[in-house]
Amino acid sequence: RTEFTGEILTYRKDGTLFWNDLSISPVCNEHGRLTHFIGIIRDITARKQAEEALLELNTSLEQRVAQRTAELTTTLAVSTVSRERLQVEIQEHQRTEALLQRSQLTLNQAARITQLGAWSIDLLDLENFNSNPVAWSTEMYRLMDSRPEDIPVLTPDVFFARVHPDDRQRVMDMALQALANKATWQTEFRLCWADGSERLVVETGEFSFDESGTPQSMMGAVKDITEQRQIDIKLRDSEMSLKMALEGAGAGSHELNLETGLDIWSDELWGLFGLAVNSAPACLATWLQTVHPDDREQVGRIVETAIAEKKEFEIEWQVKLPPGEAPRWLMARSRPVKEKDGRVVRYRGLGIDITQRKQAELSLDLYRDHLEELVAERTAELSEAEAEQRRLINALRLLSDCNIALVRAKDEGQLLDELCKLVVESGSYLMGWVGMAEQNVEKSVRAVAQSGFEEGYLECIQVSWDGEQAIGCGPTGTAIRTGYA
C-alpha cells in the first residue's frame, strides 16, 4: 500500500518506446480499506531524448578534444607547426570548450526544470563510510538547500543531515539492504530546509561492483515530488468529495469511450444497476441487460440515436431487479466531450436514483384515478337525483293536470282519453292506456282508452287480473286485484 514514483520505459500501441514519469498512489475508504489506486503519467520522452543527445554531444566533443590534443602533441613533437595553424587549433579548442560549457549548462537547466538531482559516492573505504568522496550535481545542491561554496568538502553526513530525523534510519537501512542484495533501491523521504520547510523527494540508487563482486561506487538521483504529492492529495480529496456527493444524491458517474466501447462506472453506479462492482464488462450491452424489459427497447433507441448524432441525452427507466426486491427507477443524463480536434470520443454523465419521485408520481396517479372515480360516482348520483327530481316534478304536474281534466270532463270516455293524453304529454311517458276489468271466466282486461306510440301493442297483449294465471300476475292484474300500482 505504499506509493510509487519513478521513470519507466514503456511501449505505445504502435510498438514505439517512450519514457514516462509514473506516480501511483493508493486510495483507502473511511475504514482504511484499499479501494483503488490513482496514477499520474507524464511523458518525459522529449527530456530523455534531450539528455541523451546532450550526453552524446558531450562524449563526441570530448573525443574530438582528446583527438585534437593528441594530434597537436604529436605534431609539436615531430615538427614545427606554423603560428597560424596553431592559432587556428587554439581557436577550435576554445570553441569546443564553449560547446562543452553550453552542453553542461543545458543539462543543468534540464535537471533544474525536472527538479532532478544526481549524486555519486566512490566507495574507497567501506569501514569509514563518511570518509568516501561525494559528488553532487548543481540541482542536487538546490534540493539540499545549499550552495557549493557553503560546503567545501562533501561527505555522506552532509546529505543525511538534511534528511528528516524520522526518515533517516529507514533511508540508511534501505541502502544497506540494496547493497546486500546487489539490487537497485527506491524510497521516499523528507528533506528539512533551513527555513523550517520540508520537501518530499523520491530517491533511486544503485551500486556498481567489480568482477570480484566488491562494491566500487554508489550513485543515484533525487527528484522533488512535493508539488506532485500535493496534487495527488487534492485529487484524492476531490474524488472523496465527489464520492460523498454522489452517495448523498443517490447517484453514480460514468465515462463512455466510443472508440473502445468500454464504460467506466463509479462504484455507486454499479450498485444502482443492481450489480456487484466489476462483476461484468462495463459497457452499453451490460447496462441494457439491467434495464426492465418494458423500457429496454425505448431507452436503447434513444441512446443509440443520440450517440450517432453526437448529442446530449436524458432517459428514465426501471431497473431489472431480482424477484422480491423493491422496484427502482433511474434517470441518466449524459453529454458528449469534444477533443481538441473537435472529435467526440467520449460521453460523460450521471445516473440518479429517482425511485422516490416515481413512487410519488404513481401515488399521485392512483390518487387522481381515485378522485376521478369519486367524481364519476358523485356525478352519477347527482344525475340520478336530477332524474328523480324531474320524475317528481312531472308526476306533480301530471297530477295537477289530471285534476283539471277531471273537473272539465263531460263524460267518462272523454275523461279517460284526456288522462291517457296527459300521461304522455305531461308525464313524459311513451304511451298511456286504461283497461277495464271484465267479469268473465278469463278475468280479462279490455283497453278502453290509450294515447302515445304503441304500434299495435294493445292488440297483441293478453292481460288478465286472475291471480292464478301467469298473465294475471303482471302490474295490470296486480293493480286491479289490490288497488295499488
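Around atom CG of Leu374, more than 12 heavy atoms belonging to other residues, nucleotides or ligands sit under 6.0 Å away. Around CD of Glu304, the count of heavy atoms belonging to other residues, nucleotides or ligands within 6.0 Å does not exceed 12. When the shell of 6.0 Å around CZ of Arg190 is examined, it contains more than 12 heavy atoms from other residues, nucleotides or ligands. Gln356 CD: 12 or fewer foreign heavy atoms inside a 6.0 Å radius. Counting non-hydrogen atoms of neighbouring residues, nucleotides and ligands closer than 6.0 angstrom, the CD atom of Gln389 reaches no more than 12 such neighbours.
Cys192 SG to His164 NE2: the interatomic distance, rounded to the nearest 0.5 Å, is 4.5 Å. The structure places CH2 of Trp287 at 10.0 Å from CG of Asp263, a figure rounded to the nearest 0.5 Å. Here OG1 of Thr290 is found 9.5 Å from NZ of Lys320. Values are rounded to the nearest 0.5 Å. The CG atom of Asp195 lies 6.5 Å from the CG atom of Asp145; values are rounded to the nearest 0.5 Å. Atom OG of residue Ser383 and atom CZ of residue Arg390 lie 8.0 Å apart, to the nearest 0.5 angstrom. Put simply, CD on Gln359 and CD1 on Ile354 are 11.0 Å apart, with the number rounded to the nearest 0.5 Å.
Residues Met331 and Ile352 form a side-chain contact, since some pair of their non-hydrogen atoms from C-beta on lies under 4.5 Å apart. With contacts defined as side-chain heavy-atom distances shorter than 4.5 Å, the pair Tyr367/Leu371 qualifies. At a threshold of 4.5 Å between non-hydrogen side-chain atoms, the residues Arg142 and Asp224 count as touching. Using a 4.5 Å heavy-atom threshold, the side chains of Met140 and Met144 count as touching. For the pair Phe160 and Val171, the minimum side-chain heavy-atom distance is below 4.5 Å. Between Val158 and Val134 there is no side-chain heavy-atom pair separated by less than 4.5 Å. In this structure, Leu258 and Val344 have side chains that are in contact, with non-hydrogen atoms separated by less than 4.5 Å. In this structure, Val277 and Trp265 have side chains that are not in contact, with every pair of non-hydrogen atoms separated by 4.5 Å or more.
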Report the C-alpha separation of Trp329 and Leu362 in whole Å, then their side-chain angles, then the decisive distance to 0.1 Å, and conclude whether the side chain to side chain contact (heavy atoms under 4.5 Å, CB included) test is met.
CA-CA 12 Å; Trp329 285 268; Leu362 290 175; 3.9 Å; yes

Could you give me the CA-CA distance, side-chain angles and deciding distance for Gln186 and Thr204, then say whether side chain to side chain donor-acceptor pair (under 3.5 Å) is met?
CA-CA 4 Å; Gln186 185 177 79; Thr204 303; 2.8 Å; yes

Apply side chain to side chain contact (heavy atoms under 4.5 Å, CB included) to Tyr141 and Leu154, showing your working.
CA-CA 11 Å; Tyr141 278 97; Leu154 279 176; 3.2 Å; yes

Would Glu188 and Ile225 count as a side chain to side chain contact (heavy atoms under 4.5 Å, CB included) here? Give the steps.
CA-CA 9 Å; Glu188 292 182 8; Ile225 60 171; 3.8 Å; yes

Check the pair Met218, Ser120 against side chain to side chain contact (heavy atoms under 4.5 Å, CB included), reporting the backbone distance first and the verdict last.
CA-CA 6 Å; Met218 57 188 300; Ser120 64; over 6 Å; no

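Nearest heavy-atom pair, Gly300 versus Leu288, reported as atom, atom and distance to 0.1 Å: CA-CD2, 4.0 Å. Scanning both residues, Ala221 and Leu116, for their nearest heavy atoms gives CB-CD1, 3.8 Å. In terms of heavy-atom proximity, Leu272 sits nearest to Val319 at O-CG2, 3.9 Å. Of all heavy-atom pairs spanning Thr286 and Ala280, the tightest one is CG2-CB, 3.9 Å. Nearest heavy atom pair, residue Thr10 against residue Ile8, reads CG2-CD1, 3.6 Å. Taking both residues in full, the closest heavy atoms of Ser253 and Leu269 are given as O-CD2, 3.5 Å, listed atom of the first, atom of the second, then distance.
For the 3.5 Å distance criterion, the side chains of Ser334 and His254 qualify, holding a donor opposite an acceptor. Looking at Asp157 and Asn130, their side chains do bring a donor and an acceptor atom within 3.5 Å of each other. If you check the side chains of Glu203 and Thr187, you find no donor sitting under 3.5 Å from an acceptor. Checked by atom type, the side-chain pair Gln169/Asp173 shows a donor-acceptor distance below 3.5 Å. For the residue pair Ser137 / Glu139, no side-chain donor-acceptor distance below 3.5 Å is found, with atom types taken as modelled. Counted by atom type alone, Asn394 and Arg397 present one or more donor-acceptor pairs between their side chains at under 3.5 Å.
Checked by atom type and distance alone, the side chain of Asp353 pairs as donor or acceptor with a backbone atom of Thr355 at under 3.5 Å. The main-chain N or O of Phe129 is found under 3.5 Å from a side-chain atom of Asn132 such that the two form a donor-acceptor pair. With hydrogens and angles ignored, the 3.5 Å screen pairs no side-chain donor or acceptor of Thr214 with any backbone N or O of Asp210. Checked by atom type and distance alone, the side chain of Ser197 never pairs as donor or acceptor with a backbone atom of Trp193 at under 3.5 Å.
By the 30° and 60° cut-offs, the orientation of the rings of Phe189 relative to Phe159 is perpendicular.
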Scan the side chains in residues 306-314 for donor-acceptor partners under 3.5 Å anywhere in the protein, sequence neighbours excluded, and list what turns up.
residue	atom	partner	partner atom	Å
Glu309	OE1	Lys311	NZ	3.4
Lys310	NZ	Ile307	O	3.4
Glu314	OE1	Arg333	NE	2.9
Glu314	OE1	Arg333	NH2	3.0

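The stretch residues 287-299 participates, sequence neighbours left out, in these salt bridge (Lys or Arg N to Asp or Glu O under 4.0 Å) pairs: Glu297-Arg301. Residue pairs meeting the ring pair (Phe, Tyr, Trp, His ring centres under 6.0 Å) criterion with at least one member in residues 202-232, sequence neighbours excluded, are Trp185-Phe207.
Ion pair Glu316/Lys358 flagged as a salt bridge, since at least one NZ, NE, NH1 or NH2 atom sits closer than 4.0 Å to an Asp/Glu carboxylate oxygen. Salt-bridge annotation for Glu259 and Arg346: absent, with no side-chain N of the basic residue lying under 4.0 Å from a carboxylate O of the acidic one. Ion pairing of Asp150 with Arg147 is present here, as a side-chain N (NZ or NE/NH1/NH2) and a carboxylate O approach within less than 4.0 Å.
Taking the ring centroids of Trp136 and Trp119, they lie at or beyond the 6.0 Å cut-off.
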